[in-house]
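Whatever order the structure lists them in is the order used to number ligands and atoms, beginning at 1. What you see below is based on every heavy atom in this structure, not just the backbone, and it leaves out hydrogens, waters and symmetry mates.
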Amino acid sequence: MHKKFEHKEIEKKWQAQWAKDGIYKTSESEKPKTFVLDMFPYPSGEGLHVGHPKGYIATDIYSRFKRMTGHEVLHPMGWDAFGLPAENFAIKHKVHPRVAVEKNIANFKSQLEKLGFDYDWDREINTTDPSYYKWTQWIFIQLFKKGLAYESHEPINWCPGCQTGLANEDLESDGTCERCDSVVEKRPMRQWVLKIREYADRMLEDLNTLEWPEHIKEAQRNWIGRSEGAEIDFKLSTGDTVTVFTTRPDTLFGTTYMVLAPEHELLIKNKDKIQNWDKIVRYIELSSQKKEMDRLDDTKEKTGVKLEGITTINPASGEEIPVFIADYVLASYGTGAIMAVPAHDERDWNFALKYKLNIRPVVSPLNPPPAVLQFDAPYTSLGWLMNSGEFDDMDSEEAKRAITEKVRGRMTATYKIRDWVFSRQRYWGEPIPIVHCEKCGPVAVPEEQLPVTLPEVEHYEPTGDGQSPLAAITDWVNTTCPTCGEPAKRETNTMPQWAGSSWYYLRYMDPKNSEALVSKENEKYWAPVDVYVGGDHAVRHLIYARFWHKFLYDIGVVSTIEPFQRLEFLGFILAEDGRKMSKRWGNVINPDDIVDLVGADTLRVYEMFMGPFENTIAWSQDGLVGARRFLERVNGLGEHVVETEPKAVTTLLHKTIKKVSDDIEAFKFNTAVSAMMIFLNLAEKEGLMSESYQTFLRLLAPFAPHLTEELHSQAGHSDSVHLSEFPIAETELTVDEAVTIGVQINGKVRGDITISPTASEDEAVHEANNGPNIKAKLADAKIKKIIYKPGKILNIIIE
Ligand code: ANZ
Ligand code: ZN
């Protein structure tokens, strides 16, 4: 029966009551724990749109379910408020970023509260709060002390639009800035860099311990990009040694030339010996203006220049070979130099054809290799060696080791992931807690002086000359060296926006601790995050946080090797027109309006019922109406309460309990809702007992917390439904009373029987004998074997 309800009244009333009673307060207790985490939002000026809450609703349901099943639940919320967007907003609207951020947070928070979430707001964190970023700075200092944070002058990505250096992770796949679409340049400038590469192997290996979607694990693997290979030393005619990195040391005998990256340091060193130095310089200049993406683009023609006056020796064959520079070799990968094997590498092949270089096949697809091999394209797979002296006929895998050993090379691995460029020339970020002293070099600010707070400035705009606005505040910049007491200068770069989010989940465990980032006891109790929910960030945030976590593990701050045990990836909600919700298209739906119109419970049920959680699905006003109708029928369900209910209702209720419990655990919220809808249909038709009615309310409580609380209270309870116990399915009721299973004779289906799923083998065979078809077949047969899977299949093997 439909029964309208006043969602505004009900929701307001219960939200106030829950806050007053503090029913969502979390403590470290004797109970088993569950840590459920949302990717915390960046509080933008636009506020939430209906896509944001989808993940929050899911974690809210999950955490309520866990609380009702006897767990101590940590389900916190906070703000990732440093970074370029907040700063750009501040510049545009001429307000201090802090003021803008405070306003935006207040708005976000009120929007979230309207949805009835069970956050323990006592544990709220804000990455821009000095008592928070004190610990971000503390972690940086530990990294610095362990030699994992260092200053570098290597050319880095410079965004002329944002006027700051960027990490590789901040670029779009076409090499432009993800924020402003500017073409990013390479600029040599002093930067702080974190040695994330030292953790690459552990980050790869430990992926195997995680319950994450496979596509995210794969994205992490690709970003880290480990390649197995060898480093091999070549002697130049100048006497210098050049080390190359190759994944195919088995092809060494086929190396007919060498290529150095245009940035290679040996070029300048040997400029007097290079006879065509002018030409080389022009080429170096030209390639410095190219985007890395274009240099790597295999569809673009490869260019290069031969170094006149310098040659090298193939260490395997002893042959003298030419040396080139070419910009298809990157300075930042491997060793910045390659041994070129045109017979077996696509790029080298094209290059060799263009510059008329020797092509010598050394790996054959045939075993044994023929005396002569004719081919019109490079053969890039493994095979059997030829033209390789003592290694002829050996297979590639074996030859990799053997040849590397013979020329005294080293088997190693190299990685695509670059060390993390960690400084930004912008205002709104954590100051890097370093003091530069002429005598002592860079010195860490003593821990007891943390936090180094962000000073007030007059202009937030970047200076444009590669300096942060902080550089202009001389009385902040000038300080004394913590080591020698002489005049010194503060570091004026700030941290990237990813710093604060790289460890925030730890702070929720102990948000007010002023002695430590997190106490040992609290960390032991809560770690790791049991379920982490969010979309986006398949690479960056998850790579950075895993890196910091492993470092914190190494220095004894955390006790688990990984931060996020399970990850649930959330599919986005598109606008009704199928496009991304955006101000630009004018199709943004504000959750406040929906809550106003149909209530938070309806929004919650609708967003969970839309479809599989991980799918991207378009908003539908009809679907929303359907969810509202469902809740109105729940509101009227009390009218269907009867003295005794049919057995079918009891049975379905328990099946529904089992289904909903399993589905919540598996993040299959849509099928959980649909199971409850099916139960509702039957209960309305057949009637249900008061006890079943109340059980149903508890089942629905995590999804529709306000309405169920209201009905639970109307049913005479004085305690909150959210602190009650989640219904437990009686197992004997959840199994079907009778199932139909196939009967096979010698593996061929000959009929079926309808029996209890727990029936014994004898019962099943007896039942099968009742069917005339099967009875005839079995009449004179000798039964050899019976394969019986209760509830599934009966297979009788006869002679
Ligand atoms: C000789 C060779 C022979 C190669 C062959 C491949 C096939 P991945 O798999 O991506 O790691 N290489 C090494 N350093 C490079 C750099 N800085 N810039 C551009 N290319 C570079 O690729 C490794 C291979 O890419 C290396 O193995 C090297 O070419 C090239 F039949 O060495 B190879
Ligand atoms: Zn000093």
Side-chain angles (χ1 to χ4, degrees), residues 154-155 168 186 197 200-201 204 221-234 242-267 287 290-298 300 302-304 312 314-317 321 323-352 357-365 373 375 377-388 391 395-397 399-400 403-404 407 409-418:
E154 297 284 295
N168 269 10
K186 286 275 177 194
R197 260 213 264 191
D201 276 331
L204 276 178
R221 283 187 199 110
N222 290 339
W223 193 265
I224 295 168
R226 184 188 149 99
S227 277
E228 310 261 355
E231 282 182 2
I232 291 174
D233 300 330
F234 282 66
V242 175
T243 304
V244 304
F245 171 75
T246 175
T247 48
R248 294 294 304 274
D250 54 315
T251 64
L252 182 56
F253 281 85
T255 301
T256 52
Y257 61 99
M258 167 191 266
V259 185
L260 305 179
E263 297 86 354
H264 203 283
E265 57 191 22
L266 283 181
L267 293 170
S287 52
K290 277 199 207 164
K291 277 193 272 175
E292 192 165 302
M293 289 300 144
D294 291 336
R295 287 173 57 167
L296 285 175
D297 189 343
D298 276 337
K300 297 232 156 79
K302 303 280 164 282
T303 61
T312 188
N314 179 327
S317 66
I321 55 175
V323 181
F324 281 76
I325 65 169
D327 59 17
Y328 73 90
V329 174
L330 298 179
S332 56
Y333 189 65
T335 59
I338 67 160
M339 56 182 242
V341 187
H344 302 290
D345 180 274
E346 195 82 45
R347 291 171 302 179
D348 299 345
W349 168 274
N350 292 329
F351 194 86
L357 299 160
N358 245 344
I359 299 179
R360 182 196 299 152
V362 292
V363 176
S364 152
L373 198 58
F375 57 119
Y379 173 67
T380 57
S381 304
L382 301 181
W384 289 269
L385 268 68
M386 56 191 285
N387 297 329
S388 296
F391 302 96
D395 75 72
S396 285
E397 277 309 342
K400 282 183 183 176
I403 293 182
T404 302
V407 300
R410 300 153 299 275
M411 297 302 284
T412 64
T414 192
Y415 304 86
K416 294 240 155 52
I417 191 171
R418 304 270 72 96

Any N/O pair [X]/ligand 1 closer than 3.5 Å:
| X | value |
| --- | --- |
| Val341 | no |
| Thr251 | no |
| Arg248 | no |
| Thr414 | no |

Keeping [X] on the side-chain end and [Y] on the backbone end, is there a donor-acceptor pair under 3.5 Å?
| X | Y | value |
| --- | --- | --- |
| His344 | Tyr379 | yes |
| Arg226 | Leu204 | no |
| Arg295 | Val329 | yes |
| Thr251 | Pro249 | no |

Report task. Using the six-membered ring wherever Trp is involved, compare the ring planes of Phe391 and Phe253 and label them parallel, tilted or perpendicular (cut-offs 30° and 60°). Result -> tilted
Report task. Return the orientation label for the Phe245 and Tyr333 ring planes: parallel under 30°, perpendicular over 60°, tilted otherwise. Result -> perpendicular
Contact partition for [X] relative to ligand 1, non-hydrogen atoms under 4.0 Å:
| X | answer |
| --- | --- |
| Thr247 | both |
| Val329 | both |
| Ile338 | side chain |
| His264 | neither |

Looking only at protein heavy atoms, which one is nearest to [atom], and what is the separation?
| atom | value |
| --- | --- |
| atom 30 (C) of ligand 1 | Arg347 NH2, 3.7 Å |
| atom 31 (F) of ligand 1 | His344 O, 2.9 Å |
| atom 28 (C) of ligand 1 | Phe245 O, 3.8 Å |
| atom 29 (O) of ligand 1 | Asp345 OD2, 4.4 Å |
| atom 2 (C) of ligand 1 | Thr246 OG1, 3.6 Å |
| atom 19 (C) of ligand 1 | Tyr328 O, 3.3 Å |
| atom 8 (P) of ligand 1 | Ser227 OG, 3.4 Å |
| atom 10 (O) of ligand 1 | Lys416 NZ, 3.0 Å |

Query raised in the report: Are Asp201 and Tyr415 linked by a side-chain donor-acceptor pair shorter than 3.5 Å?
Result: yes
Query raised in the report: Under 4.5 Å between any side-chain heavy atoms of Thr404 and Arg410, yes or no?
Result: no
**Report entry** Beyond-backbone contact of Val341 with Arg248, side-chain heavy atoms, under 4.5 angstrom
**Finding:** no
Query raised in the report: Per the side chain to side chain donor-acceptor pair (under 3.5 Å) rule, which among Asp348, Thr303, Asn350 passes with Tyr328?
Result: Asp348
Query - Residue-ligand contact Gly334/ligand 1, heavy atom below 4.0 Å - result: no
Query raised in the report: Which atom pair, heavy atoms only, marks the closest approach of Pro378 to Glu346?
Result: CG-CA, 3.9 Å
